[in-house]
Trainee: 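I have a structure here, written as structure tokens, and I will follow up with some questions on it.
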Amino acid sequence: MTNLDEARALLREFPVVDGHNDLPWALREKSGYDLDRLDIAGHQHEHLHTDIPRLRAGGVGAQYWSVYVPAEHPDPVAATLEQIDCVRQLLDRYQADLAPALTAADMEAARAEGRIASLMGAEGGHSIANSLGTLRGLHALGVRYMTLTHNSNVDWADSATDTPKADGLTAFGREVVREMNRIGMLVDLSHVAASTMRDALDTTSAPVIFSHSSARAVCDHPRNIPDDVLERLPANGGMAMVTFVPKFVLQAAVDWTAAADENMRAHGLHHLDTTAEAMRIHCAFEERTPRPVATVSVVADHLDHMREVAGIDHLGIGGDYDGTAFTPDGLDDVSGYPNLLAELLERGWSRADLAKLTWQNAVRVLGAAEDVARDLQSRRGPSHATIESLDG
């Protein structure tokens with residue numbers, strides 16, 4: 001049996017729980033949520049990383065669908081609700097393959113049925129508009145994690161990719177974390193500044209996650225996790241879910257991206273501009289300076305390091321498919337997970353290690369958050385704090 005055969009066999013028993021997939025936003029952008037126009041049931045779409053046949057080929061058993069909206073959206077709460085509605089449409093349309101999941105027990109039940117457990121994560125605290133009531137509303141609608149920030153600061157937390165403002169979490173930010181603990185919503189520390197990571201770990205009474213982040217010691221990008229934070233995961237009980245985005249995992253890609261962004265700014269354009277003119281300028285830059293390509297081995301390097309620092313009980317996978325323009329060779333779309341497991345087998349990872357990485361750690365962490373929530377709810381009610389009352 002080859003390593004790839006062994007990887008596929010393992011995934012039949014312990015499928016991947018992927019921490020972050022942006023298919024709902026891709027569907028919004030490419031079809032206006034019209035699933036007749038962009039049906040993911042039976043064929044590959046050139047501009048999508050995700051469809052059901054490829055999820056099946058990749059051995060995916062549970063997916064956190066990101067209900068992301070841009071921080072600059074004029075009405076982020078309404079747009080987040082539309083994203084949640086998209087996931088519900090997917091669940092209604094593809095019931096034979098996708099199972100709604102709110103709990104660790106739901107995940108296990110879906111696995112037993114041979115369906116893909118579908119959970120939701122909100123990507124960025126802007127989605128609650130500084131309101132703990134809105135936070136509770138998202139949880140009631142099925143959202144099971146919230147990334148505290150996206151690429152920009154929120155009023156109560158610093159992002160990894162913005163100018164520091166709060167030096168981590170404000171008093172209201174810490175109250176957001178405590179209320180997330182109380183309702184059983186996982187605190188996601190991808191995208192946040194290292195200071196925010198540390199403040200959240202100081203505040204939380206439940207395990208945290210990093211839904212799609214890699215190791216800063218391997219690739220020096222602010223979106224990645226410093227070793228001192230990884231070292232705290234065993235005491236917290238949380239997990240870091242390695243991401244595949246080349247500009248977060250390959251140092252040469254980090255440097256190339258910085259140069260490409262500067263080229264866009266030199267032409268008077270925002271570095272994230274995707275208009276036809278912006279793409280023409282970007283493609284011309286890429287033709288002059290070929291983009292470095294990440295590989296499965298590069299992602300495995302991150303996992304080797306993260307296992308050494310945090311331990312095997314605190315690792316997972318969060319590919320960020322349909323949220324990135326580029327992917328590593330061998331991890332081109334959601335069918336690629338067996339290639340990563342085959343690489344890890346080649347490096348001596350055991351079957352027990354891989355079962356924790358793919359399935360067991362993620363189920364344990366959600367279950368632990370549920371246990372904390374039950375205890376906290378027996379001792380206190382909802383917080384009615386406001387950002388004005390706590391931060392002035």
Trainee: Around atom CD of Gln377, are there more than 12 heavy atoms of other residues, nucleotides or ligands at under 6.0 Å?
Mentor: yes
Trainee: Are any non-hydrogen side-chain atoms of Asp220 and Val254 less than 4.5 angstrom apart?
Mentor: no
Trainee: Please confirm whether the backbone N or O of Asp92 pairs with a side-chain atom of Gln95, one donor and one acceptor, at under 3.5 Å?
Mentor: yes
Trainee: Give a yes or no on whether Asp167 atom CG has more than 12 heavy-atom contacts from other residues, nucleotides or ligands under 6.0 Å away.
Mentor: no
Trainee: Mind jotting down which residue pairs meet the side-chain hydrogen bond (donor to acceptor under 3.5 Å, both in side chains) criterion with at least one end in residues 231-245? Sequence neighbours excluded, please.
Mentor: Asp202-Arg232
Trainee: Does Leu90 reach the side chain of Leu23, with side-chain heavy atoms less than 4.5 Å apart?
Mentor: yes
Trainee: Do Asn21 and His49 have side-chain heavy atoms sitting under 4.5 Å apart?
Mentor: no
Trainee: So, Tyr145 versus His20: side-chain donor-acceptor pair below 3.5 Å or not?
Mentor: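 The criterion, which ignores hydrogens and geometry beyond distance, is satisfied for His20 and Tyr145.
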Trainee: Please evaluate residues Arg347 and Asp301 with respect to the criterion salt bridge (Lys or Arg N to Asp or Glu O under 4.0 Å), reporting the C-alpha separation (whole Å), side-chain torsions for both, the decisive distance (0.1 Å), and the verdict.
Mentor: CA-CA 10 Å; Arg347 295 177 180 219; Asp301 289 344; 2.8 Å; yes
Trainee: Among residues two or more places apart or on two chains, list those pairs meeting ring pair (Phe, Tyr, Trp, His ring centres under 6.0 Å) that have a residue in residues 357-377.
Mentor: none
Trainee: Side chains of Ser159 and Asn151: donor-acceptor distance under 3.5 Å anywhere?
Mentor: no
Trainee: Side chain to side chain contact (heavy atoms under 4.5 Å, CB included), that's the test. Do Leu141 and Leu81 meet it? Break it down for me.
Mentor: CA-CA 9 Å; Leu141 291 171; Leu81 296 179; 3.5 Å; yes
Trainee: Under the side-chain hydrogen bond (donor to acceptor under 3.5 Å, both in side chains) test against Trp156, which residue among Asn130, Asp391, Thr196, Thr170 passes?
Mentor: Asn130
Trainee: Take Ser118 and Trp65 through the test side chain to side chain donor-acceptor pair (under 3.5 Å) and record every step on the way to the result.
Mentor: CA-CA 7 Å; Ser118 291; Trp65 302 108; 3.1 Å; yes
Trainee: Heavy atoms, side chains only, cut-off 4.5 Å: are Leu366 and Leu186 in contact?
Mentor: yes
Trainee: Under a 4.5 Å cut-off applied to non-hydrogen side-chain atoms, are Thr149 and Asp158 in contact?
Mentor: no
Trainee: What verdict does the salt bridge (Lys or Arg N to Asp or Glu O under 4.0 Å) test give for Asp353 and Arg307, after you've listed the backbone C-alpha separation in whole Å, the side-chain angles of each residue and the deciding distance to 0.1 Å?
Mentor: CA-CA 10 Å; Asp353 292 340; Arg307 182 175 69 161; 2.9 Å; yes
Trainee: Could you note down all residue pairs passing ring pair (Phe, Tyr, Trp, His ring centres under 6.0 Å) where residues 255-275 supplies at least one of them, sequence neighbours left out?
Mentor: Trp256-His282, Trp256-Phe285
Trainee: For the pair His150 and Tyr68, name the ring-plane relationship: parallel under 30°, tilted 30 to 60°, perpendicular over 60°.
Mentor: tilted
Trainee: CD of Glu277: more than 12 outside heavy atoms within 6.0 angstrom?
Mentor: yes
Trainee: Let me see the working for Tyr94 and Ile116 under side chain to side chain contact (heavy atoms under 4.5 Å, CB included), right down to the final yes or no.
Mentor: CA-CA 10 Å; Tyr94 305 113; Ile116 300 166; over 6 Å; no
